[in-house]
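Not measured: the values here are computed from a predicted model. Hydrogens, waters and symmetry mates are skipped; everything else that's a heavy atom, side chains included, is used. By convention in this document, chain letters (A, B, ...) are assigned in the order of the sequence lines, proteins followed by strands, and residues within each chain are numbered from 1.
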Amino acid sequence: MEPIIQWRTRLEETALAPVRRTSRRYWALVAALVAVVGWGLYAYSLQLRDGLIVTGMRDRISWGLYIATFVFFIGISHAGTLISAILRVSQARWRTPVTRIAEFITVVALICGASFVIIDLGRPDRVLNVFIYGRWQSPIIWDVLAITTYLTGSIVYLFVPMIPDLALFRDRLTGSTSRWRGWLYRTLAIGWIGNAAQRRSLAAAIGILMILIIPIAVSVHTVVSWIFAMTLRVPWDSALFGAFFVAGAIFSGIAILIIVMAILRRAYRLHEYVTEKHFVYLGYLLAAFAAIMIYANISELLIHGYKLEEGAEFHLRQLFLNDFAPLFWFYLIGGLVGPIVLMLLRATRNIGGVIAAAVLVTLAMWIERYVIVVTGLRVPLMPYQPADYSPTWVEWSIFAGGLALFALLITLFTKVFPIIAVWEVAEDQEATVAAPHPAGPAVPESRAPIGG
Amino acid sequence: MYQTIRRVAGPALAILAAGAMTVMLAVPAIASHLVVRTSFPSAATVGEGVSLAVNLGTPDGAPLVGATVTYYLHMSFAGVEGEGVIGRAVTDDVGIGAIHYLPRAAGLHEVRIEYRAPGAATVEEVLGTFDVAGGEQLVRSAGGPDIPGINPGLLMAVLGGVWLILLSVAFRLVGIARASGRADPPAGAGPR
């Protein structure tokens with residue numbers, strides 16, 4: 001095995017490479033994403049000018065694509081929480097190369113998700129009404145408080161473990177990068193030199209955050225579910241909704257993390273650090289949460305179907321047999337059963353199989369959010385014909401703009417900040433090398449064969 | 001003779017016209033073959049149910065059985081005014097149709113009752129009012145049990161605790177910044 005010094009130098013160079021070199025393909029990607037965001041902004045300007053009449057939402061189905069996408073984004077924001085905080089608490093070493101990506105997904109997804117609530121309001125100035133006329137008894141207020149706290153906590157949780165890596169960038173890029181970057185790294189590194197006192201403070205701060213961020217994240221998606229569950233709608237009338245939403249959030253969070261990891265691994269040649277093992281382990285987590293989601297769905301739907309309160313039959317018919325049947329069956333088969341099958345089969349238990357599972361889950365979980373929102377409102381509360389809803393091109397354009405903004409922010413982040421937690425990966429590697437290996441010579445964990 | 005005719009014709013025409021008008025005006029009353037009596041409460045209170053009854057009978061005193069009676073109440077909501085159906089009833093063996101109504105607002109309630117006599121082409125109506133006392137606001141459901149400690153104060157305490165912990169992290173960051181000029185002691189030097 002090569003000396004650890006050389007290994008660390010190569011790791012640092014890999015982390016610095018995206019900042020040092022920028023290809024034309026990168027700028028082409030940025031331009032394409034900016035164009036889509038711009039198109040979304042144009043559509044939003046029409047909505048601001050003409051009002052929500054340009055959407056497919058009306059009096060009876062007043063939540064649609066926007067709120068479904070809001071719930072979806074808040075869900076995938078749990079990627080950072082799970083991978084970083086829970087795996088850090090459980091001292092799972094394999095997490096280190098993926099934590100930074102996960103934490104950044106959290107922050108970006110929260111920003112994009114919160115934007116969709118404001119877009120759904122129609123008039124953004126009415127956000128102020130939440131603060132002027134808000135009532136403590138309202139789940140909307142709880143949601144605002146929870147998301148604000150989670151966003152703050154997530155930004156801090158992204159920043160704190162990044163400090164040593166920002167200091168590395170400060171030290172290694174001084175003189176060879178632009179002035180604003182130098183200033184940025186100097187400022188954000190807050191004088192980190194890695195002495196014992198700083199390490200103690202950093203360890204204490206990370207220790208506090210990794211514990212704190214877990215209940216905050218759980219509370220966020222629980223409260224998001226309460227926005228639905230605390231209204232008098234038959235399909236949303238469930239005490240299980242909080243746990244159901246949290247499980248779904250972590251599920252979709254893992255899936256989006258796998259996809260982003262795969263893209264960044266390929267784009268920045270991170271193959272040595274983000275290995276097949278990471279994908280397969282995340283694939284196992286994905287399959288485990290798919291099983292939890294299957295259980296939650298059975299519990300939820302069976303209880304509704306057994307009691308069959310007024311409106312429940314209509315709801316079950318629209319899910320399984322009528323209007324929403326294709327979407328719902330795709331969610332059940334493709335999004336929940338599919339990933340488990342892919343992870344059970346040896347032939348698909350690899351990077352390609354895990355990515356395929358993640359794509360299925362991401363699609364399915366967005367569909368699930370859409371189905372929850374729209375079908376819940378579609379069940380008639382009075383003896384009238386059920387309303388119909390289909391998003392207009394304005395809604396689809398804003399939706400596309402939101403997704404492009406998500407991708408754009410991550411793309412830009414990779415050019416400014418370290419995408420690998422260099423110091424954590426290095427510490428992990430040093431600990432692995434130092435540990436006795438009774439079965440043979442020391443092998444870096446990142447290269448170890450998959451236990452599968 | 002001609003003069004006599006002229007003298008008689010004028011008053012006769014006037015009498016005929018007056019008679020025709022009387023008949024025309026009297027038609028609805030004559031058309032209503034029913035005797036209608038309403039039974040509204042003399043006083044009511046917001047949130048307490050009342051019975052609004054109507055008794056339909058034929059002029060010969062027989063009850064009108066099986067007639068559908070519709071109750072309308074004048075309503076005002078969010079700046080829109082109009083009538084809303086508050087209930088329907090079918091008259092029973094003694095000709096009484098009644099609904100149970102829960103007043104949700106204080107003030108004078110104007111109720112219009114529509115009914116149709118058997119074989120009649122037109123719908124007839126009768127008006128009635130009753131006064132409701134009580135709070136001005138709509139009736140609200142009970143807020144549930146008041147459990148000590150479960151209130152917005154608890155929410156604020158939890159939230160405040162979380163933000164205090166986040167603040168403690170900020171202090172750690174200040175500690176990191178302040179320790180930047182401090183070099184580690186050489187190995188074996190021991191604590192100072």
Side-chain angles (χ1 to χ4, degrees), chain A residues 134-139 141-164 166-167 170 186-220 223 232, chain B residues 70 75 77-80 82-88 104 137-192:
Chain A
R135 291 166 56 88
W136 294 114
Q137 295 88 340
S138 166
I141 290 293
W142 306 343
D143 207 32
V144 170
L145 293 174
I147 290 178
T148 309
T149 307
Y150 187 37
L151 180 59
T152 309
S154 297
I155 291 171
V156 176
Y157 191 53
L158 169 68
F159 168 64
V160 170
M162 207 197 296
I163 292 171
L166 289 166
R170 174 200 62 197
R186 268 196 313 279
T187 306
L188 294 181
I190 57 170
W192 176 268
I193 54 172
N195 61 29
Q198 288 182 326
R199 284 179 173 274
R200 276 197 304 274
S201 292
L202 185 75
I206 292 175
I208 292 168
L209 284 169
M210 71 184 182
I211 301 290
L212 182 67
I213 206 78
I214 295 171
I216 294 177
V218 169
S219 77
V220 167
V223 174
L232 294 171
Chain B
T70 307
M75 294 176 173
F77 180 75
V80 179
E83 280 188 331
V85 175
I86 58 171
R88 286 192 174 85
R104 289 178 168 81
Q137 298 219 342
L138 299 179
V139 174
R140 290 182 182 146
S141 59
D146 187 9
I147 302 168
I150 307 295
N151 52 39
L154 177 66
L155 175 66
M156 296 310 297
V158 171
L159 195 67
V162 169
W163 280 89
L164 272 177
I165 295 171
L166 281 175
L167 192 65
S168 77
V169 172
F171 283 126
R172 302 279 179 186
L173 296 181
V174 172
I176 290 173
R178 290 181 66 183
S180 63
R182 218 180 295 165
D184 280 342
R192 294 174 188 174

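Listed options Val156(A), Thr149(A), Ile208(A) were ranked by heavy-atom pairs under 4.5 angstrom with chain B; first place goes to Thr149(A). The candidate from Ile165(B), Leu155(B), Ile176(B), Leu173(B) with the greatest count of non-hydrogen atom pairs under 4.5 Å with chain A is Ile176(B). When each of Ile206(A), Thr152(A), Ile216(A) is checked for heavy-atom pairs under 4.5 Å with chain B, Thr152(A) comes out on top.
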(request) List the steps and the verdict of side-chain contact (heavy atoms from CB on, under 4.5 Å) for Met75(B) and Ile86(B). (result) CA-CA 10 Å; Met75(B) 294 176 173; Ile86(B) 58 171; 3.6 Å; yes

(request) Determine, stepwise, if the pair Phe159(A) / Val169(B) fulfils side-chain contact (heavy atoms from CB on, under 4.5 Å). (result) CA-CA 11 Å; Phe159(A) 168 64; Val169(B) 172; over 6 Å; no

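If you measure heavy-atom distances from Leu202(A) to chain B, the contacts under 4.5 Å come from both the backbone and the side chain. Residue contact with chain B, scored on non-hydrogen atoms closer than 4.5 Å, involves the side chain of Ile163(A) exclusively.
Heavy atoms from other residues, nucleotides or ligands lying under 6.0 Å from CG of Leu232(A) number 12 at most.
Put simply, the side chain of Ile213(A) reaches to within 4.5 Å of the side chain of Ser154(A), judged on heavy atoms. For the pair Asn151(B) and Leu154(B), the minimum side-chain heavy-atom distance is below 4.5 Å.
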